[in-house]
Amino acid sequence: MDKIRDIKKYISTVEKYNSFFKQHYYHSIIDLNLIKLEYILQYGILSKKLIELNKLPSIYTHSSYDFDSKNGDMFVSLSEYTDNCQFNALFESFTLHTLTSLSLIINKHIDVSKEGARQTYFDDEIFCFGSIDKSKIEGIMLPEHLSNLMIKEVNCLPNDLSCYTRSYLNKLLRCTEEYFKEQIPSFYIEELKVSYEQFWNIIEEYESPEKWIESAIKIQRKKYGKDLKDVLGEISQYLWSLKYGLVNPKYLDIIQRINQQNLPIYEIKEKCLKKIN
């Protein structure tokens, strides 16, 4: 299940709660990985260099060159909602990420700059140098199309070709096993290997594979009944269910258990902004 890019259903909610959205900055976890959420709530939002210095697991962050990130090694990227918002997913990080992803609500009393290590193409993107202390995280927010999905339905693999390489997937699996302190059952690993080969056999037929990930995934699902993201989703479902003793946990179920700090959790709905806890 990919992130929903059509955010028209949420525009009226954002406009209705205009003052709330303007009060904060937002940092989106665009790969929707809940392991990353837990680390952020424990350590704050750290730039890549600080993550390395603190010897935190690499799953805590993505590479500064993954997902077309503009963070650089020493910057944390944030979105800001203003009255100038056009709800244009091509030019606004609030529209593209905050309204489609799992996001952290950040206190505005921090030092920010319009420029990070590289110039951003998002009109509303700003940067904090170094890190954002966990005390500045004031809540968790997600759109309703994510909250009630089962874990296995949530796609934690962005449409970036670098995330479909053997090295990236091996790192993802290794970090996942380290976090859960559980070995992934061998039948899942074998299924993932088969699915990986299926995916690359499909995508190598394209002249510009970077542009055709979604298409290749759809073809794989249609041809084989399951795609690479589906297999990863089932692995994630198995591990989170085991960790918390839940049957078919939903995305919001796990967020609530990770939220040991009892931060407010907000759900962006079609007609309202709902506080969950």
Side-chain angles (χ1 to χ4, degrees), residues 20-64 66-67 69-81 93-94 97-113 116-117 124-143 146-147 151 154 156 172 175-176 178-181 236 240 243-244 251-268 273-277:
F20 173 89
F21 285 100
K22 287 196 295 186
Q23 285 177 20
H24 312 281
Y25 295 135
Y26 304 93
H27 179 81
S28 297
I29 302 175
I30 60 176
D31 62 1
L32 307 177
N33 194 312
L34 295 181
I35 299 175
K36 189 178 296 184
L37 172 65
E38 182 160 349
Y39 281 125
I40 287 174
L41 295 182
Q42 288 180 27
Y43 298 103
I45 308 173
L46 307 183
S47 60
K48 184 181 177 185
K49 284 295 184 185
L50 291 184
I51 290 165
E52 293 172 351
L53 287 172
N54 284 276
K55 295 182 171 56
L56 295 174
S58 57
I59 201 171
Y60 178 95
T61 186
H62 53 263
S63 162
S64 60
D66 285 346
F67 322 147
S69 168
K70 304 297 179 182
N71 288 10
D73 287 344
M74 284 301 296
F75 290 89
V76 171
S77 173
L78 298 166
S79 296
E80 181 179 20
Y81 173 72
S93 58
F94 179 83
H97 297 314
T98 307
L99 293 184
T100 63
S101 305
L102 174 65
S103 296
L104 296 159
I105 300 170
I106 309 300
N107 187 299
K108 274 196 168 183
H109 292 99
I110 57 174
D111 293 328
V112 296
S113 169
D124 59 346
E125 189 172 17
I126 51 180
F127 300 92
C128 181
F129 183 78
S131 66
I132 297 174
D133 190 84
K134 64 182 181 181
S135 66
K136 298 297 183 180
I137 301 174
E138 298 188 334
I140 301 167
M141 187 169 70
L142 72 164
L146 285 176
S147 59
I151 289 292
V154 178
C156 292
L172 179 66
C175 291
T176 299
E178 288 174 2
Y179 169 80
F180 285 101
K181 297 180 175 59
S236 183
W240 284 115
K243 180 177 176 67
Y244 288 114
Y251 196 59
L252 184 57
D253 292 334
I254 303 302
I255 291 172
Q256 290 175 309
R257 282 160 176 78
I258 287 173
N259 182 25
Q260 295 296 313
Q261 298 82 350
N262 200 31
L263 292 171
I265 300 174
Y266 297 92
E267 183 182 31
I268 307 173
L273 181 67
K274 180 181 178 181
K275 188 171 179 290
I276 302 298
N277 57 343

- Identify, with sequence neighbours excluded, every residue that meets side chain to side chain donor-acceptor pair (under 3.5 Å) alongside K108. E80
- Message: On a heavy-atom basis, which atom in S236 and which in I151 lie closest, and how many Å separate them?
- Response: OG-CG2, 3.3 Å
- Residues T176 and L172: closest non-hydrogen pair is OG1-O, 2.6 Å
- Item | K49, NZ: over 12 other non-hydrogen atoms inside 6.0 angstrom | no
- Query: Can you tell if the side chain of M74 reaches within under 4.5 Å of the side chain of F129, non-hydrogen atoms only?
  - Reply: yes
- Message: So I132 and L78, do their side chains get closer than 4.5 Å, heavy atoms only?
- Response: yes
- Message: My understanding is that only residues two or more places apart in sequence, or in another chain, count here; which of them pass ring-ring contact (aromatic ring centres under 6.0 Å, His included) with Y26?
- Response: F94
- Task: Output all residues satisfying ring-ring contact (aromatic ring centres under 6.0 Å, His included) with F180, sequence neighbours left out; order by chain, then residue number.
- Result: W240
Interatomic spacing from [atom1] in [X] to [atom2] in [Y] - rounded to 0.5 Å:
X    : Y    : atom1 : atom2 : answer
D111 : F127 : CG    : CZ    : 15.5 Å
I45  : L50  : CD1   : CG    : 12.5 Å
L142 : I265 : CG    : CD1   : 8.0 Å
H27  : I105 : NE2   : CD1   : 13.5 Å
E138 : N107 : CD    : CG    : 4.0 Å
I137 : L263 : CD1   : CG    : 7.0 Å

- Message: Tell me every residue that passes side-chain contact (heavy atoms from CB on, under 4.5 Å) with S28, counting only those two or more places apart in sequence or in another chain.
- Response: I30, H97, T98, S101, S103
- Of all residues at least two apart in sequence or in a different chain, which pass the side-chain contact (heavy atoms from CB on, under 4.5 Å) check with K181? none
- Decide side-chain contact (heavy atoms from CB on, under 4.5 Å) for K274 and I276; before the verdict, give the C-alpha distance in whole Å, the side-chain angles of both, and the deciding distance to 0.1 Å. CA-CA 6 Å; K274 180 181 178 181; I276 302 298; 4.2 Å; yes
- Task: Examine distances only and state if a side-chain atom of N259 and a backbone atom of N262 form a donor-acceptor pair shorter than 3.5 Å.
- Result: yes
- Message: Closer than 3.5 angstrom, by distance alone: can the side chain of K275 be matched with the main-chain N or O of N277 as a donor-acceptor pair?
- Response: yes
- Derivation of the side-chain contact (heavy atoms from CB on, under 4.5 Å) call for H24 and I106: CA-CA 6 Å; H24 312 281; I106 309 300; 5.9 Å; no
- Before giving the answer on side-chain contact (heavy atoms from CB on, under 4.5 Å), spell out for K136 and H109 the whole-Å C-alpha distance, their side-chain angles and the decisive distance to 0.1 Å. CA-CA 8 Å; K136 298 297 183 180; H109 292 99; 4.2 Å; yes
- May I have the step-by-step check of ring-ring contact (aromatic ring centres under 6.0 Å, His included) for Y81 and Y25, ending in yes or no? CA-CA 7 Å; Y81 173 72; Y25 295 135; over 10 Å; no
- Message: Side chains of E125 and S77 only: does a donor on one sit below 3.5 Å from an acceptor on the other?
- Response: yes
- Side chains of S79 and D124: is there a donor and an acceptor less than 3.5 Å apart? no
Only distances under 3.5 Å count here; give the side-chain donor-acceptor pairs of residues 251-258 to other protein atoms, sequence neighbours excluded, each with its distance to 0.1 Å.
| residue | atom | partner | partner atom | Å |
| --- | --- | --- | --- | --- |
| Y251 | OH | L32 | O | 2.8 |
| D253 | OD2 | K250 | N | 2.8 |
| R257 | NH1 | D253 | O | 3.1 |

- Message: Go through it in stages, so that I can follow the logic: the residues are L41 and I140, the test is side-chain contact (heavy atoms from CB on, under 4.5 Å), and I'd like the CA-CA distance, side-chain angles, deciding distance and then a yes or no.
- Response: CA-CA 10 Å; L41 295 182; I140 301 167; 4.2 Å; yes
